Number of protein chains: 2
Amino acid sequence: MTSSVVDRRGLLHFLLASGAYLALPRTTLASPPYTWAKREIERQHDETIQRILSWIDAPAIASLDTGYEASCNLTMQLLRDAGFQRVNKIETSGKPGIFAILDAGAPRTVGLYFMYDVMPADPKEWSSPPFAAALVDKPGMGKSIVGRGAANQKGPEGTFLAALHAFRSAGRRPPVNLVLIAEGEEEIGSPHIAQLVHEPAVLAALKKCSCIFMPDAGQNLAGTVQLTLGAKGIVEVELVCSAQRWGRGAEHDLHSGYKAIVDSPTWHLVEALDTLVSPDGSRPAIDGFFDHVRPLSERDAAIIARAASAPDAEEVLKKALAVNRWTDDANFSAALKMLANDPTINIEALIAGYTGTGSKTILPSRAIARLDLRLVPDMSAKEILSKLRDHLDKRGFGDIEIRDLGSYDPTETSEDSVLIRGTKAIYALDRVPFTVSPRLPSSWPGYIFTGEPLHLPAGFIGIGHGSGAHAPDEYLLVESVLSGVAGIDEATLFYVKLLYELATIR
Amino acid sequence: MTSSVVDRRGLLHFLLASGAYLALPRTTLASPPYTWAKREIERQHDETIQRILSWIDAPAIASLDTGYEASCNLTMQLLRDAGFQRVNKIETSGKPGIFAILDAGAPRTVGLYFMYDVMPADPKEWSSPPFAAALVDKPGMGKSIVGRGAANQKGPEGTFLAALHAFRSAGRRPPVNLVLIAEGEEEIGSPHIAQLVHEPAVLAALKKCSCIFMPDAGQNLAGTVQLTLGAKGIVEVELVCSAQRWGRGAEHDLHSGYKAIVDSPTWHLVEALDTLVSPDGSRPAIDGFFDHVRPLSERDAAIIARAASAPDAEEVLKKALAVNRWTDDANFSAALKMLANDPTINIEALIAGYTGTGSKTILPSRAIARLDLRLVPDMSAKEILSKLRDHLDKRGFGDIEIRDLGSYDPTETSEDSVLIRGTKAIYALDRVPFTVSPRLPSSWPGYIFTGEPLHLPAGFIGIGHGSGAHAPDEYLLVESVLSGVAGIDEATLFYVKLLYELATIR
């Protein structure tokens, strides 16, 4: 099951890989040779790989509450080793975050968003142990690190740290100061990231940044990177209907023969769910849900129209998703607009009664629906949580508990921001093909940087290739034999170049 | 969870235990002393217990597909030991059944319905190993056999076999011939009982019977037995909504970000479920569902009215069920009528997406609802399965698969039948208080005996006390210190008397 589920950011990496790249912009840089950097990076190649392997072998897994002490400490040590002079653990109500500063005495400061937690992994599903990372030769691709976190996100983060090691060993100061935050709960939806980012010292440091990014091995197998300018927000909730709160039904499961005289919280939940969507289940029907939906900009519509016209793009996507038709039988152009700008209500899980093999004739005392609602600008998570509550209350479902599993606003970064322009410049320099996505249909908590009070451009930046985030045999390609796809040394050099670009871009 | 779920027959055993027993009928028997039987039963007391203990230690569990060879063979041997001259294994498409005949050269023949399978048991939840049965002294109750099957059903069946051993060792022929069938799939809903019963030799033998019963330790802690005259039928189905059959949605789970353009089988299922019930979820709304519901007879209504008027009965039941109010806020008399004669639709399980700890933001490719529908006379399982299909088809849910998990018709036995009159006579003789239930709200496949072509009176008959069917620490009281509650010897003697009564009753 999980193997077909892409991670929240990997979504759409493959989309539009078949053509119609956007025109490469002019670079703002002359192209220096970076001979020193190349030499240091190549010299440290094995060391970089070893560092990532060791990091993978110390996993912190939020959903299982394991490994935090060792993993957080190792991450802090890796930051110190890479040149951060100040590395602090920041306690939150959940898992600790990390706040680090590298003061290069530079006029400009750039932010970095790291995560040190990883998804769980079942060794039985892996061909190589997930938490004893290995270098594996992947036929037709090249040498790869295989282990949980190789792609998401220790591999790319370790690649970025390798760039700092190159500066260090070459005796050069990075061209920008760095402010880094690392969280330990990314894989459970970053429930305490606000506590970390809004810690006064952290906030003050981030305010000095011109932008913030998370290192990412963003190339697909054809070498194309997608630059995303935003992502939908999310309201992830558990609707719990219990006899106890309802005041009807039985407080424990009963033999289902009693259904004749005892009410069913499961039916009550089904009735409530039914009111949330249009009769065909495709459209949200929560009162006032669309009030603040901002229409797509002309620029975004143009990007999407262009993407939709790419030859084979629709067939490629349908095949990848194993889908025969889009919602409402929309054409591809309409579908891509919906993907970018339609808010949604999805049932991610239904849980009631005995869910194992066989069956049990019981009347369950409670039933659960887990929903995720995706939000577009200018909706807010707070607004939608409140509207969901009101909607249920008004229809006689006031007893149904809404448990917030992790909700946050949409995020947007301007195509004209220094982060996007700077990244495009290096892509142009390195002749990396890229596409632009106005808005990911998935979510990440970029709002914490792009929203109040920071208003920073924020995104996922980097080249190289990895895959299998949230799936077995997660990998990061480190010695690529694929044409146009970077190995770890080229991906490291990309960050060196990017930091120079961000130091000078106007 | 399971500990609060009573087994399909145990349901309502406790109901109305607080008073208002029906008047005891006149016995048709003079009361012979049965000195020979008492002597033999007492002499064999330890042997009887050992026989049950060994039987429990050889479990056959249908849902786990374990133990059949040994358990079926042992059961057959126990029948031979008890005097059945012919004992055959009857193969079915599922687990084998057993067909046995004890020809006593008597004018009359009585049927016996046995089961040799048991529910699974998790030893961790037991204070005594479930499959290494033990004799345990239960404070305030007396010595009890503890083990899976002690109450449901090896204990009571072993008690009946002890009666046959008493005849044997006393050198007496039983006063009736016996035709016995034993099935090995009772705990998964008797899916192949028709194959067993309709096997020509079996059917021919059963046609000679005047009635059929399953031995049961039917007394509650106050010593009261409930005589049930019928049970609801059941349609247990799994509604499966998959993208594959629907032709919409994705054939594997997707990141839920795609909900904007990919349809959700889970929402489709919720929409379908919503049409099956009244807006408040309490009443079935399948087209034509009530067409053949026969109103309660005057006699049944009178029995129920009497039961409803018993002091404290409503409070006792509400407390036992952990329920504050009945459906529709019905009064107790109305509720008991609903329990006896309202057909129902219950959701026993909802299963979609990732149902474990934490959450996964996925768009599930399929969703499942397991329903059980309880039927009253003159509804039939075939009719309701067909109406459910038509109902869904007519509303655009033709793609939703209906998997029959085990469905059968209601069962009824007349209060005037030899089985019920004979049993009442022995209860009267032994001064066993009893209540009559027109119809169990739960189900058992009695239709196979009471329906076409056999038309036999059928029920659960016996005294003694056991509990914990389907739960941990299942037990059968064998040496009772409870006033008015039979131990295993008295329960054995009851069957001796019952066979004489059934041999002579007019």
Side-chain angles (χ1 to χ4, degrees), chain A residues 1 4-6 11 63 188 236 247-248 250-264 266-268 270-271 273-274 277 281-282 321-327 335 338-339 342 344 346-355 358-363 367 370 372 374 405 441-442, chain B residues 1 4-6 11 63 188 236 247-248 250-264 266-268 270-271 273-274 277 281-282 321-327 335 338-339 342 344 346-355 358-363 367 370 372 374 405 441-442:
Chain A
M1 205 145 138
S4 60
V5 177
V6 297
L11 200 64
S63 60
I188 55 166
E236 191 180 6
R248 308 197 69 92
E251 288 183 18
H252 51 65
D253 294 352
L254 291 183
H255 188 292
S256 64
Y258 288 111
K259 177 61 183 72
I261 56 171
V262 178
D263 292 308
S264 160
T266 311
W267 277 121
H268 193 52
V270 166
E271 297 297 329
L273 289 173
D274 182 61
V277 292
S282 68
L321 301 183
V323 163
N324 289 323
R325 60 195 78 191
W326 310 121
T327 293
M338 287 152 66
L339 194 57
D342 273 10
T344 58
N346 175 59
I347 300 179
E348 59 181 50
L350 288 177
I351 309 161
Y354 168 74
T355 57
S359 64
K360 289 187 182 173
T361 51
I362 58 173
L363 168 50
R370 292 194 192 124
D372 60 75
R374 304 277 173 178
L405 301 180
S442 52
Chain B
M1 202 146 138
S4 61
V5 177
V6 296
L11 199 65
S63 60
I188 56 167
E236 191 180 7
R248 307 198 68 91
E251 288 183 17
H252 51 65
D253 294 353
L254 291 183
H255 188 292
S256 65
Y258 287 111
K259 177 62 183 71
I261 55 171
V262 177
D263 292 309
S264 160
T266 311
W267 277 121
H268 192 53
V270 166
E271 298 296 330
L273 289 173
D274 182 61
V277 292
S282 68
L321 301 183
V323 163
N324 289 324
R325 62 195 75 190
W326 310 121
T327 293
M338 288 152 64
L339 195 58
D342 273 10
T344 59
N346 175 59
I347 300 179
E348 60 180 51
L350 288 177
I351 310 161
Y354 168 74
T355 58
S359 64
K360 288 188 183 173
T361 52
I362 59 172
L363 168 50
R370 291 195 193 125
D372 59 74
R374 304 276 173 178
L405 300 181
S442 50

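Because the structure is a prediction, the values reported are computed rather than measured. Reminder, nothing fancy here: chain letters follow the sequence lines and each chain counts from 1.
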Heavy-atom closest contact (B:V323 atom, A:A250 atom, distance): CG2-CB, 3.5 Å
Would you compute the distance between atom NZ of A:K360 and atom CD of B:E236 and round it to the nearest 0.5 angstrom? 12.5 Å
Between the main-chain N or O of A:D263 and the side-chain N or O of B:R325, is there a donor-acceptor pair closer than 3.5 Å? no
So, for B:S442 and A:H255, which heavy atoms are closest and what is the spacing to 0.1 Å? CB-CE1, 3.3 Å
Residue part contacting chain B, namely of A:S256, when any heavy atom lies under 4.5 Å: both
Please test A:N346 against B:Y258 for side-chain contact (heavy atoms from CB on, under 4.5 Å), starting from the C-alpha separation and ending with a verdict. CA-CA 9 Å; A:N346 175 59; B:Y258 287 111; over 6 Å; no
Using a cut-off of under 4.5 Å on heavy-atom pairs, state which of A:T266, A:T344, A:I261 scores highest against chain B. A:I261
Determine the option with the most heavy-atom pairs under 4.5 angstrom with chain A, choosing from B:L405, B:N324, B:I351. B:I351
Go through the structure and list residues passing side-chain hydrogen bond (donor to acceptor under 3.5 Å, both in side chains) with A:W326, not counting sequence neighbours. A:E314
Applying a strict 4.5 Å limit to non-hydrogen atoms, the region of B:S63 in contact with chain A is neither
Which region of A:L363, side chain (C-beta onward) or backbone (N, CA, C, O), has a non-hydrogen atom less than 4.5 Å from a non-hydrogen atom of chain B, or is it both or neither? both
Interatomic distance, A:I347 atom CD1 to B:K259 atom NZ [nearest 0.5 angstrom]: 9.0 Å
Closest heavy-atom contact between B:L350 and A:T355? O-CG2, 3.7 Å
Proximity breakdown for A:D274 and chain B, heavy-atom pairs closer than 4.5 Å: both
Name all residues meeting the salt bridge (Lys or Arg N to Asp or Glu O under 4.0 Å) criterion together with A:D342; count only those two or more places apart in sequence or in a different chain, and write none if there are none. A:R283
Minimum heavy-atom distance B:S359-A:E348, with the two atoms named: CB-OE2, 3.3 Å
Would you give the length of the straight line joining atom CD of B:E251 to atom CG of A:L321, rounded to the nearest 0.5 angstrom? 11.5 Å
Could you grab the distance from atom OG1 of A:T361 to atom CZ of B:R370, nearest 0.5 Å is fine? 11.5 Å
Do you know which two heavy atoms are closest between B:A349 and A:Y354, and how far apart they sit? CB-O, 3.3 Å
